[in-house]
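Naming convention: chains lettered A, B, ... in sequence-line order (proteins, then strands); numbering from 1 in each chain. Here the structure is a predicted model, which is why all the values come from computation and not from measurement.
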Amino acid sequence: MSKPIVATTSLAGCFGCHMSLLDIDERILDLIELVEFNKSPIDDIKTFTKQCDIGLIEGGCCNSENIHVLKDFRKHCKILVSLGECAIMGGLPALRNGIAIKECLDEAYLNGPTVRDNDKQIVPNDDELPMLLDKVYPCHEIVKIDYYLPGCPPRADLIWNALVALVTGDEMKLPYEVIKFD
Amino acid sequence: MSTLIKFTIDGVECMAEAGTYIVEAARENGIYIPTLCNIRGVKPRGSCRICSVKVNGRPMTSCTTPVADGMEIENNTPEINDIRKAIIEALFVEGNHFCPACEKSGCCELQALAYRFKMMVPRFPYNFPRKEVDASSPKLIKDHNRCILCKRCIRAIKTEDGKNVFAFVKRGRNVRIIMDPVLGEQMSDELAQKAVEICPVGALLPREKGYQTPIGKRKYDLEPIGSDIEKK
């Protein structure tokens, strides 16, 4: 039987969750035995080359590109997992939620105390740039998410336990110490 | 002389003095009923409903209901625990609870209850209301994003001559906590510290302090809230 295929991505995240995945230490060797990676920053595969079994999503959706990638993951993965606080509730990027988008951009590019050399009062608006959304959305408000692994980042043991449980079909171990929101 | 009465919690026979509130009576019998707005020694308010139990089949708040002889109380059942979990989830989506950056994380009662009830994601959509941080007081920082309106600070923090330092203003979704500007400024450091401790979340914070206990050594890092009661 071929190995289960895993894809990962970081949307509006900081790559901390991916670092936590690497933090499983020498079990990474077992992981390579257990699964095959497809689209992921870990192996630098940029586009899906086949259907995957598990998709790990880090970060919420703050722009149109995030939505596109997330929908692409939903299309290509049997199981989607929200990995970390940002994917689950928007996380720190969602601190801007509740503040009007124009107010945010004006503060960042025009009025902020660290703004320099913007005499023409330009807010970046190139067509190539993804459009910012009105707020940062948790992933499950955009597509169906099957499982949630909280934490900032989720503890390496939590990610490991979840991956092993998903691959083997055994019940997941959830000791108290591994479910944390920070 | 006080009279001992008998009642059951989830079928376990318990005894307590007549008139004791259910949550206290349960505690004396080594049974934990989760609470959030309740403070020991202060008149209960019964507003958060986390402590809901079924008394002879009817839902009641256990912090405001005294035990009576022969009561049959349901506490740790899937139905009641799901109601409690739903309340916790509702509190999370109603405010802006950014646990990763919060000074209170690890010592927060709301967060600890979410851990205990294994909240992975709230079942309700996030609200993301716009709320203010008020740092005008010389003693305390007030973060309305995190306030769950439990009224604990209003009920427990009083000056020596019995005046309230905190109060509610406005109504409905606009209701929020305010601090008396004069009393807030005159507040002793001990009282300010007590206010920080009485707040179940990170809505009242001390100035120029934070993140003092490392991750792994905080109150609810290793043991669930209520385990001290269950160990007895």
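- Counting heavy-atom pairs under 4.5 Å between each of A:His140, A:Lys135, A:Lys180 and chain B puts A:Lys180 at the top.
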For side chain to side chain donor-acceptor pair (under 3.5 Å), just list the numbers for B:Gln111 and B:Ser105, CA-CA rounded to whole Å, side-chain angles, deciding distance to a tenth of an Å, and then say yes or no.
CA-CA 7 Å; B:Gln111 187 192 53; B:Ser105 188; 2.9 Å; yes
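- Ring geometry, B:Tyr126 versus B:Phe128: the interplanar angle falls under 30°, so the pair is classed parallel (tilted spans 30 to 60°).
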Go through it in stages, so that I can follow the logic: the residues are B:Asp10 and B:Thr77, the test is side chain to side chain donor-acceptor pair (under 3.5 Å), and I'd like the CA-CA distance, side-chain angles, deciding distance and then a yes or no.
CA-CA 8 Å; B:Asp10 295 332; B:Thr77 67; 5.9 Å; no
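- Looking at A:Phe181, both its backbone and its side chain come within 4.5 Å of chain B, counting heavy atoms on both sides.
- Checked against ring pair (Phe, Tyr, Trp, His ring centres under 6.0 Å), A:His76 has the following partners two or more places apart in sequence or in another chain: A:Phe48.
- When each of A:Val136, A:Leu174, A:Ile179 is checked for heavy-atom pairs under 4.5 Å with chain B, A:Ile179 comes out on top.
- The main-chain N or O of A:Met131 is found under 3.5 Å from a side-chain atom of A:Ser64 such that the two form a donor-acceptor pair.
- Contacts between residues 91-114 of chain A and chain B, counted as heavy-atom pairs separated by less than 4.5 Å, involve A:Gly91, A:Leu92, A:Ala94, A:Leu95, A:Asn97, A:Gly98, A:Ile99, A:Glu103.
- Residue A:Glu177 touches chain B through both its backbone and its side chain, counting heavy-atom pairs closer than 4.5 Å.
- Listed by sequence position, B:Phe92, B:His97, B:Phe98, B:Cys99, B:Pro100, B:Ala101 are the residues of residues 89-102 of chain B in contact with chain A, using a 4.5 angstrom heavy-atom cutoff.
- Counting only heavy atoms from C-beta outward, the side chains of B:Glu109 and B:Leu36 approach each other to under 4.5 Å.
- Within residues 144-154 of chain A, the residues approaching chain B closer than 4.5 Å by heavy atoms are, in numerical order, A:Tyr148, A:Pro150, A:Cys152.
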